[in-house]
K.L.:
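This is the structure, below, for whatever I ask next.
Residues take their numbers from the sequence shown, with the count starting at 1. Quantities reported herein were computed from a predicted structural model and do not represent experimental measurements.
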Amino acid sequence: MRRKDRQMPKEWAINIVDKCEWATLSTIDTDGMPYCIPLSIARIDNVIYFHCAKEGKKIDCFRQNNQVCISCVGDTLRPTDEFTTKYESAIIRGKIFEVLDDNEKIAALRAICQRHTPANMPNFDEAISRSLKITAIWKVIIEDVDGKRRK
């Protein structure tokens with residue numbers, strides 16, 4: 001990291017991962033070009049989970065190269081009297097894998113739903129019974145995380 005004065009500890013960066021509204025996952029597509037996808041994520045321990053369709057461009061990318069990077073942005077502020085942005089961010093690097101075990105899939109979906117739609121959790125079991133078999137879950141095992149902040 002070039003600006004060491006803005007570097008934050010790992011625990012701080014994990015907090016940004018846990019509070020960001022959405023994240024962007026970057027990979028390389030099958031033609032060798034950069035490709036990024038906005039996601040709703042949830043973290044359980046050292047793993048980031050997200051759900052998606054069972055096929056598509058991103059799935060092809062993941063199967064070709066399981067090295068990915070996730071960008072998370074926390075709070076931001078653009079002062080009206082300065083030409084700057086105050087921000088907090090985290091960058092995760094890791095390997096991505098499809099989740100095939102139904103119990104792990106349900107735990108991941110529960111974490112995602114609890115994080116993003118907590119008021120609807122009474123309907124979780126019914127939704128799972130309808131959609132578990134048609135929903136793909138992927139996980140990124142965190143290998144490295146960096147945090148950065150401009151106050």
Side-chain angles (χ1 to χ4, degrees), residues 1-4 6-78 84-121 123-124 127-128 130-150:
M1 182 175 301
R2 185 180 65 84
R3 294 290 307 260
K4 295 291 186 189
R6 295 184 182 168
Q7 186 171 11
M8 301 302 291
K10 178 181 178 177
E11 297 76 22
W12 183 92
I14 290 295
N15 182 55
I16 300 307
V17 171
D18 290 342
K19 80 175 192 177
C20 71
E21 187 173 348
W22 50 270
T24 303
L25 183 144
S26 297
T27 185
I28 301 296
D29 74 13
T30 55
D31 294 324
M33 298 298 294
Y35 184 67
C36 62
I37 309 106
L39 303 170
S40 297
I41 62 168
R43 181 181 66 85
I44 300 174
D45 299 324
N46 199 46
V47 178
I48 304 294
Y49 290 96
F50 65 93
H51 69 14
C52 61
K54 288 194 166 211
E55 55 187 51
K57 182 171 183 168
K58 66 180 164 288
I59 305 304
D60 296 340
C61 297
F62 302 157
R63 290 200 166 115
Q64 173 185 288
N65 180 350
N66 74 341
Q67 296 285 335
V68 296
C69 183
I70 300 175
S71 171
C72 304
V73 177
D75 296 330
T76 62
L77 174 67
R78 287 177 277 191
T84 191
T85 299
K86 298 177 183 186
Y87 64 89
E88 51 189 24
S89 64
I91 303 293
I92 295 167
R93 284 167 294 285
K95 289 189 174 86
I96 192 164
F97 302 93
E98 186 173 12
V99 176
L100 301 174
D101 176 75
D102 281 353
N103 290 326
E104 186 178 5
K105 286 176 75 171
I106 292 168
L109 285 166
R110 186 179 310 280
I112 293 165
C113 292
Q114 183 64 47
R115 178 174 177 193
H116 295 283
T117 57
N120 198 32
M121 289 309 289
N123 298 312
F124 179 79
I128 289 299
R130 285 190 326 266
S131 64
L132 185 64
K133 297 297 181 204
I134 61 170
T135 302
I137 304 295
W138 287 77
K139 65 182 175 182
V140 176
I141 298 176
I142 299 171
E143 295 180 341
D144 187 42
V145 61
D146 289 317
K148 188 174 178 182
R149 171 175 71 181
R150 179 183 172 119

K.L.:
Heavy-atom distance under 4.5 Å between the side chains of Thr30 and Tyr35, does that happen here?
P.N.:
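No, their side chains stay 4.5 Å or more apart.
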K.L.:
Would you be so kind as to tabulate the donor-acceptor pairs closer than 3.5 Å made by side chains of residues 13-27, with sequence neighbours excluded?
P.N.:
{"residue": "Asp18", "atom": "OD1", "partner": "Arg43", "partner atom": "NE", "Å": "2.8"}
{"residue": "Asp18", "atom": "OD2", "partner": "Arg43", "partner atom": "NE", "Å": "3.4"}
{"residue": "Asp18", "atom": "OD2", "partner": "Arg43", "partner atom": "NH2", "Å": "2.7"}
{"residue": "Lys19", "atom": "NZ", "partner": "Asp75", "partner atom": "OD2", "Å": "2.9"}
{"residue": "Lys19", "atom": "NZ", "partner": "Glu88", "partner atom": "OE2", "Å": "2.5"}

K.L.:
Could you go step by step and tell me if Glu104 and Ile137 meet the side chain to side chain contact (heavy atoms under 4.5 Å, CB included) rule?
P.N.:
CA-CA 9 Å; Glu104 186 178 5; Ile137 304 295; over 6 Å; no
K.L.:
Test your reading of the model: is there a side-chain donor-acceptor pair from Gln114 to the backbone of Met121, 3.5 Å cut-off?
P.N.:
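Flag not set: sc Gln114 to bb Met121 has no pair under 3.5 Å.
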K.L.:
So, Asn46 side chain and Ile142 main chain: donor-acceptor pair closer than 3.5 Å or not?
P.N.:
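Judged by distance alone, yes, a pair lies under 3.5 Å.
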K.L.:
Treating Arg115 as the side-chain partner and Ile41 as the backbone partner, does any N or O pair qualify as donor plus acceptor under 3.5 Å?
P.N.:
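Checking the backbone N and O of Ile41 against the side chain of Arg115, a donor-acceptor pair under 3.5 Å is found.
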K.L.:
Quick check for you: to the nearest 0.5 Å, what is the distance between Cys72 atom SG and Leu39 atom CG?
P.N.:
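Reported to 0.5 Å precision, the distance equals 9.5 Å.
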K.L.:
Is there a donor-acceptor pair under 3.5 Å between the side chain of Asp31 and the backbone N or O of Met33?
P.N.:
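A pair under 3.5 Å: no.
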K.L.:
Heavy atoms, side chains only, cut-off 4.5 Å: are Trp138 and Lys58 in contact?
P.N.:
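When only atoms from C-beta onward are counted, Lys58 and Trp138 do not touch, as no gap falls below 4.5 Å.
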K.L.:
Where do Thr135 and His51 come nearest, in terms of heavy atoms and distance?
P.N.:
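Heavy atoms of Thr135 and His51 come nearest at CG2-CB, 3.8 Å.
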K.L.:
Using modelled atom types and a 3.5 Å cut-off, is there a donor and acceptor pairing between side-chain atoms of Lys148 and backbone atoms of Ile91?
P.N.:
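Between the backbone of Ile91 and the side chain of Lys148 there is no qualifying donor-acceptor contact (under 3.5 Å).
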K.L.:
What distance do Ile48 atom CD1 and Ile141 atom CD1 have between them, rounded to the nearest 0.5 Å?
P.N.:
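Reported value, rounded in 0.5 Å steps: 11.0 Å.
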K.L.:
Do Glu98 and Phe62 have side chains that get closer than 4.5 Å, going by heavy atoms?
P.N.:
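No; the side chains remain at least 4.5 Å from each other.
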K.L.:
Can a donor-acceptor pair be found, under 3.5 Å and without considering hydrogens, that links the side chain of Lys105 to the backbone of Leu132?
P.N.:
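Yes, because the side chain of Lys105 sits within donor-acceptor range (under 3.5 Å) of the backbone of Leu132.
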K.L.:
Name all residues meeting the salt bridge (Lys or Arg N to Asp or Glu O under 4.0 Å) criterion together with Lys133; count only those two or more places apart in sequence or in a different chain, and write none if there are none.
P.N.:
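With sequence neighbours excluded, Lys133 shows a salt bridge (Lys or Arg N to Asp or Glu O under 4.0 Å) to Asp102, given in chain and number order.
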K.L.:
Just verifying a value: how many Å separate Asp146 CG and Lys10 NZ, rounded to the nearest 0.5 Å?
P.N.:
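Rounded to the nearest 0.5 Å, the CG-NZ separation comes out at 10.5 Å.
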K.L.:
Nearest 0.5 Å, please: how far is CZ in Phe97 from NZ in Lys139?
P.N.:
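Rounded to the nearest 0.5 Å, the NZ-CZ separation comes out at 7.5 Å.
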K.L.:
Excluding sequence neighbours, so at least two apart, what forms salt bridge (Lys or Arg N to Asp or Glu O under 4.0 Å) with Arg130?
P.N.:
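Residues passing salt bridge (Lys or Arg N to Asp or Glu O under 4.0 Å) with Arg130: Glu126.
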K.L.:
Are the side chains of Cys52 and Ile59 in touch, meaning some heavy atoms are under 4.5 Å apart?
P.N.:
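Yes, their side chains come closer than 4.5 Å.
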